[in-house]
Amino acid sequence: MIRIDSVRKQFGSTVALDGLSLDVRPGEIFGLLGPNGAGKSTTMALLTGLQTPDAGTVSVLGGDPRNPALRARIGLTPQSLALYEQLSGRENLDFFARMFGLRGERLKQRVDAALDFVQLADRQHDRAGGYSGGMQRRLNLAAAIVHEPELILLDEPTAGVDPQSRNALFDNVLALKSAGRTIVYTTHYMEEVERLCDRVAIVDRGRVLAVDSVPGLLRTYGGVPVLVIERGGRIERIETNDPLRALNEIAAVGPIDTFHVERPRLEQVFLHLTGRSLRD
Amino acid sequence: MHAWFALAAKDIRLLLRNRGALFFTVGWPMLVAIFFGLIFGGGGGSSRPKVALVVQEQHAATERFAQSVLKLDTLEVERLDAAKAEEQVRQGKRSAAIVLPEGFGERSARTFSGDPPQIELWLDPSRKAERAMIEGMLMKLGGEAMFSAISDPSARQQWLATSRGDLDRVDPASRQQFSDFYDALDAMMATPQASAPTTQGDAGAGAGFTPLAVTAREITVAKRGPSNGFAISFTQGMFWALMGALMSFVTSLVLERMQGTWNRLRSAPLTAGSILLGKALACFAVMLTSLLLMSAVGALVFGVVPHSLPKLLLAFIAAAIAFTGLMMLLASIGRSVQSASGAAWAVMMPLAMVGGAMIPLFVMPPWMLQLSNLSPVKWAVLGIEGAIWRGFSFAEMATPVAILLATGVLCGGLGAWRITRQPA
């Protein structure tokens with residue numbers, strides 16, 4: 001579906017992508033996880049033909065994404081709300097659908113379907129500028145899928161929305177996967193990747209640091225679970241691959257007041273791979 | 001093609017929903033035109049054609065006819081001597097001169113014998129519409145004058161006496177018929193029910209009979225000037241209409257890039273050139289519509305009637321293309337709305353100042369006129385003025401139109417090239 005091979009992209013003296021390589025399989029939700037400036041948005045720009053690599057190759061849906069005909073099969077949700085606030089929700093979708101060549105009855109059907117999909121049918125005639133942040137995000141997603149693309153690129157689609165809208169967007173993304181779409185999802189929210197992505201690439205400084213499923217990443221980079229017990233007013237932390245056995249052994253020695261197990265989290269993996277220094 | 005129109009329709013819809021931008025594109029230019037038109041001495045001038053009346057004899061019938069011409073509410077008539085009238089027609093200050101020559105009054109009294117009363121119309125050969133309108137009005141007055149002569153008892157008796165006295169000048173074969181007609185007319189008009197004109201009466205006028213004969217004398221306008229202050233101020237207002245649309249579209253193009261819709265459009269199966277062409281099409285359409293609207297208001301309300309409509313349309317199209325190109329170039333300069341609009345004002349204001357959009361070209365000192373050649377605003381103003389009141393021929397229109405088209409193509413091409421090279 002997508003093959004990025006040793007791509008390098010530089011803006012002036014800033015190296016945005018430094019030999020980045022990726023493979024995305026059909027029908028999966030592929031996460032791109034990285035700190036700010038890691039190269040996620042540049043990768044998205046390459047996948048939609050908005051940028052050209054300085055070196056390396058990018059193949060999307062078997063071709064060059066700079067080919068306009070091929071771009072008709074891709075849907076992009078940019079990181080910013082790429083909407084016309086003075087137009088209504090319906091007018092926005094109608095316009096973007098026309099840009100992808102939809103006409104007549106099919107245009108109307110697809111706009112109706114996209115509005116229903118993101119639950120904005122009842123507000124379709126209101127101006128997008130009057131929508132809440134969550135509604136605007138949902139409309140932003142609808143504009144990317146109104147032409148029924150095979151590949152959907154979601155660049156931080158949940159930035160700045162409330163938990164209800166975020167959950168609704170998650171449901172939308174999972175529904176798209178169920179419908180057979182391939183999705184590339186960039187974010188720096190760990191819980192989104194854990195909940196949605198089949199595989200995830202952790203990128204930083206224009207390079208892929210690791211690619212695997214979330215459990216695979218946790219196994220490889222997350223370290224061992226930690227058994228935390230409290231007895232006699234003292235808290236003890238025991239690293240172990242078998243917390244139950246360790247708990248039994250400790251309980252045999254003496255009484256335990258409380259205990260819990262801290263399992264490795266994706267955030268630990270992320271910080272382990274990308275470091276703890278602050279990014280812009 | 002469909003995408004271009006969809007892009008243009010979207011931008012026009014956005015403009016229509018942006019009250020501020022709409023005001024500065026349509027409302028503000030109109031206010032500028034009206035305000036400065038009044039200052040320049042437009043003074044609420046009417047849209048009626050200005051006409052001179054020259055009376056070349058002392059005769060009661062002629063004077064009666066002259067008074068009826070002066071009372072016409074469809075013309076703005078001033079009584080002048082022949083030399084003054086001719087001069088004003090030649091200078092383009094008056095559309096025409098109506099001349100009542102020697103013998104007009106005498107002929108008026110002899111409706112059915114000899115030649116009809118003669119009227120001369122002095123006007124520029126290009127003023128075909130005014131000629132037809134004035135001739136129609138004079139014929140109507142001639143008919144009314146004749147009816148007046150036969151419906152007033154004392155005037156009728158005088159008219160009948162003159163006519164009967166002239167019977168020996170009539171063809172002998174028709175002499176008896178005319179004599180019977182005069183008797184019958186006298187008897188009929190003496191009855192009360194015949195004292196008012198009827199439509200049937202008008203329609204029953206004899207075939208070939210004409211109450212007047214109008215002959216035209218061509219006076220070529222040597223040097224045209226603006227018909228009133230609004231002719232100047234509306235041209236300047238048209239610049240502000242172009243400027244308003246230019247600023248709106250500079251802002252919209254920069255916003256498009258800042259807000260991410262540009263990237264979304266670029267991810268569609270469209271080339272960057274197509275997207276910019278759609279934007280340019282919308283800008284051009286808004287500019288042309290604003291100019292046509294201003295022109296219509298100027299003509300219908302303030303008497304700014306263009307010398308030539310096709311030439312005015314040509315000037316409008318060329319000016320709109322030039323300003324659309326400038327819009328594209330200026331939009332490529334700024335990376336934010338503030339920087340783009342700042343750059344646009346910084347570039348356009350000096351061009352407007354030396355280009356005749358603030359100080360009329362005809363009052364500029366020679367050095368400033370030389371400098372103004374560098375401003376596309378000058379060529380837009382000149383082209384529009386050429387079609388409104390300067391009386392340019394198509395050959396004279398060619399220079400401003402060619403410069404404006406070249407400006408549009410060069411600036412538009414350079415701007416589009418710069419925008420498409422900017423990173424996503």
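Atom set for the values below is all heavy atoms of this structure, side chains included, hydrogens, waters and symmetry mates excluded. In what follows, chains are A, B, ... by sequence order, proteins preceding strands, each numbered from 1.
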Is it true that a side-chain atom of [X] and a backbone atom of [Y] form a donor plus acceptor pair closer than 3.5 Å?
X: A:R8; Y: A:P53; answer: no
X: A:Q136; Y: A:A128; answer: yes
X: B:R264; Y: A:L76; answer: yes

What option among [options] has the most heavy-atom pairs under 4.5 Å with chain B?
options: A:R103, A:E85, A:Q79, A:R127; value: A:R103
options: A:S41, A:A143, A:G75; value: A:A143
options: A:P68, A:P78, A:A82; value: A:A82

**Message:** Could you check whether A:N140 and A:T77, counting side-chain N and O atoms only, form a donor-acceptor pair closer than 3.5 Å?
**Reply:**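 No, no side-chain donor-acceptor pair sits under 3.5 Å.
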Does any backbone or side-chain atom of [X] lie under 4.5 Å from a heavy atom of chain B? Answer side chain, backbone, both or neither.
X: A:L87; answer: both
X: A:F100; answer: both
X: A:L47; answer: neither

**Request:** Kindly indicate whether the side chain of A:M1, heavy atoms from C-beta on, has any atom under 4.5 Å from the side chain of A:R25.
**Result:**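 Heavy-atom side-chain distance check fails, nothing below 4.5 Å.
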**Prompt:** Looking at A:Y189, is A:R166 sitting on its ring face, NZ or CZ under 6.0 Å from the six-membered ring centre and within 45 degrees of the normal?
**Reply:**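 Because its charged atom sits under 6.0 Å from the ring centre and within 45° of the axis, A:R166 does stack over A:Y189.
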**Request:** Mind checking side-chain hydrogen bond (donor to acceptor under 3.5 Å, both in side chains) for A:R73 and listing every partner two or more places apart, or none if nothing turns up?
**Result:**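 Residues passing side-chain hydrogen bond (donor to acceptor under 3.5 Å, both in side chains) with A:R73: A:E150.
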**Residue-level interface, residues 267-282 of chain B with chain A, non-hydrogen cut-off under 4.5 Å** =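 At a heavy-atom separation under 4.5 Å, chain A is reached by B:S267, B:A268, B:P269, B:L270.
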**Message:** Looking at every non-hydrogen atom in both residues, tell me the closest pair between A:K40 and A:L33 and how far apart they are.
**Reply:**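 In terms of heavy atoms, the two residues are closest at CD-C, 4.2 Å.
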**Prompt:** Between B:S252 and B:D11, what is the shortest heavy-atom contact and its length?
**Reply:**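 Closest approach of B:S252 to B:D11, heavy atoms only: OG-OD1, 4.2 Å.
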**Message:** Less than 4.5 Å to any heavy atom of chain A: does that hold for the side chain of B:L255, its backbone, both, or neither?
**Reply:**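 Neither part.
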